[in-house]
Number of protein chains: 2
Amino acid sequence: MKSIAEIFKGLELTDSEYQFIKERCQKLELSKGEILLEKGQPTLSQYYVLEGCLRSFFEDAQERDHTLQFAIHDWWISDYTAFFDGNPAVLTIESIQKTTVLEFTRKAQIEIFESIPKVESFFREKMEHSFGAFQKRIINDLSKTAKEKYLDFLQTHKEIETHIKNYHIASFLGITTESLSRIRRELAKH
Amino acid sequence: MKSIAEIFKGLELTDSEYQFIKERCQKLELSKGEILLEKGQPTLSQYYVLEGCLRSFFEDAQERDHTLQFAIHDWWISDYTAFFDGNPAVLTIESIQKTTVLEFTRKAQIEIFESIPKVESFFREKMEHSFGAFQKRIINDLSKTAKEKYLDFLQTHKEIETHIKNYHIASFLGITTESLSRIRRELAKH
DNA sequence: TGAAAAAATTGATCTATGGTAAGAAAAAAT
DNA sequence: ATTTTTTCTTACCATAGATCAATTTTTTCA
């Protein structure tokens, strides 16, 4: 069963601790195409994906969008600048499939940290790993060609790649859908 | 005086807490050009810059280097993937001026977290902000032209820009030094 | 199952940035 | 202060990826 138990796997929480957490989050169901967070809005929550797939993206002045992150089962997603600092969102988060998430508000998160310190450690560690992933992403963006980035994407997103439209992948890689198409043709040849 | 007191400003630590932390870090002096961390080495520490300026970079297969971060006074720096996960470093960190840092090993950090929980909260929050900064960097990389990235750099790195060589800035922006030079000429015209 | 909509591909150009090579300017060293 | 080394600039050409405009393929849904 996909539930809170699974989020904090490895933590060994007591029943009452589970209960405490459970009372402070909310399950949301999203149909395909639904917007979970809209740019400009206050970002009060962080989301844990139980099922489905979400995408966070930035819309630039020319109305082109740039995908920051895909999130499937067991991933967290939010506009982190906005969530941590209390600014309005610069990102939009949309569901690209029927998706179920657990919503944790910042307030709830802090209450949980204060009452169950090991959850704070858990989140710090999670954050550290995500931080490492972002570091890797920046290095890739700086040092790789579009083709290399695509191959890398296929590796790092093995399980989700099939659900995701190529134009979303292109937007994640920072190239146009036409360019991605040409890269795919190249790769298919050999 | 530049010291530990300043790192944890806002935390209100007792004298014995300071003492505890002080015993677990080490001051290092680096001359210009010195390497603090070399790629391939285990990354056991994170560094707090007291004075001077460091640069972390990735060297690709073609031996080109790509700057991930500059760090001056009151910034932290490390190879985070390596530091958190215990992998060998993929980044190299060099001093680009005479620099003084405080070194905190992972082991020391964890001891400090366990014995002074508010320091863990402090680090989690710091991490959250850095996470936001990385998010912003990725969005910029995806959505801006080289010229826009340069203008953005001048804004976000106001205080340090003057100490940094243009070829390091170019390497941070993901362009060649020639391209940066052309951009600068363009900007000077108007 | 067939029409409509969405997504992907292709070809023909265009453009921003890269690469190479040389020289100018600035900084460091003697 | 002069020389040497490092950094920055410029010019010319090359290229990866963008843009524009169809067209084909795939998916959706009535």
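Order of the sequence lines sets the chain letters (A, B, ...), proteins ahead of strands, with each chain counted from 1. Every value quoted in this text rests on a predicted model; they were computed, and no experiment measured them.
C:dA7 atom P lies 17 Å from atom NE2 of A:His163, rounded to whole Å. Distance A:Glu186 CD to C:dT9 P: 13 Å, rounded to the nearest Å. Taking atom CD1 on A:Ile169 and atom P on C:dA7, their separation rounds to 13 Å, with Å as the unit. Note: CG (B:Asp141) to C1' (C:dT17) measures 15 Å, nearest angstrom. Taking atom OH on B:Tyr167 and atom C1' on C:dA25, their separation rounds to 15 Å, with Å as the unit.
By the 4.5 Å heavy-atom criterion applied to side chains, A:Thr99 and A:Leu36 are not counted as neighbours. Residues A:Phe57 and A:His66 form no side-chain contact, since every pair of their non-hydrogen atoms from C-beta on lies 4.5 Å or further apart. The shortest side-chain heavy-atom distance between B:Phe58 and A:Leu142 does not fall under the 4.5 Å cut-off.
Ring pair B:His157/B:Phe172: centre-to-centre distance below 6.0 Å.
For the pairing with A:Asp79, the side chain to side chain contact (heavy atoms under 4.5 Å, CB included) check across A:Leu91, A:Leu68, A:Thr92 returns one residue only, A:Leu91. Residue A:Tyr48 is tested with A:Leu102, A:Val101, A:Ile77 for a side chain to side chain contact (heavy atoms under 4.5 Å, CB included); the sole match is A:Leu102. Between B:Lys118 and the choices B:Glu125, B:Glu12, B:Glu17, the salt bridge (Lys or Arg N to Asp or Glu O under 4.0 Å) rule is met once, by B:Glu17. A side chain to side chain contact (heavy atoms under 4.5 Å, CB included) with A:Ser171 is found for one member of A:Thr177, A:Asp65, A:Asn166 and no other, namely A:Asp65.
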**OP:** Step by step, work out the ring pair (Phe, Tyr, Trp, His ring centres under 6.0 Å) result for A:Phe83 and A:Trp76.
**Re:** CA-CA 12 Å; A:Phe83 178 63; A:Trp76 290 84; 9.2 Å; no

Readout for nucleotides 16-30 of chain D: B = base within 4.0 Å of protein heavy atom, S = sugar-phosphate only, - = neither; 5' to 3' it is -SSBBB------S--

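The side chain of A:Arg185 places an N or O atom within less than 4.0 Å of a non-bridging phosphate oxygen (OP1 or OP2) of C:dG11. Contact annotation: A:Asn166 does not reach the phosphate of C:dA7 (side-chain N/O to OP1 or OP2, under 4.0 Å). For the pair B:Arg184 and D:dT9, the criterion of a side-chain N or O lying under 4.0 Å from OP1 or OP2 is met.
Helix bend of the helix from C:dT1-D:dA30 to C:dT30-D:dA1: the angle between its two end axes, each built from five pairs, comes to 50° after rounding to 10°.
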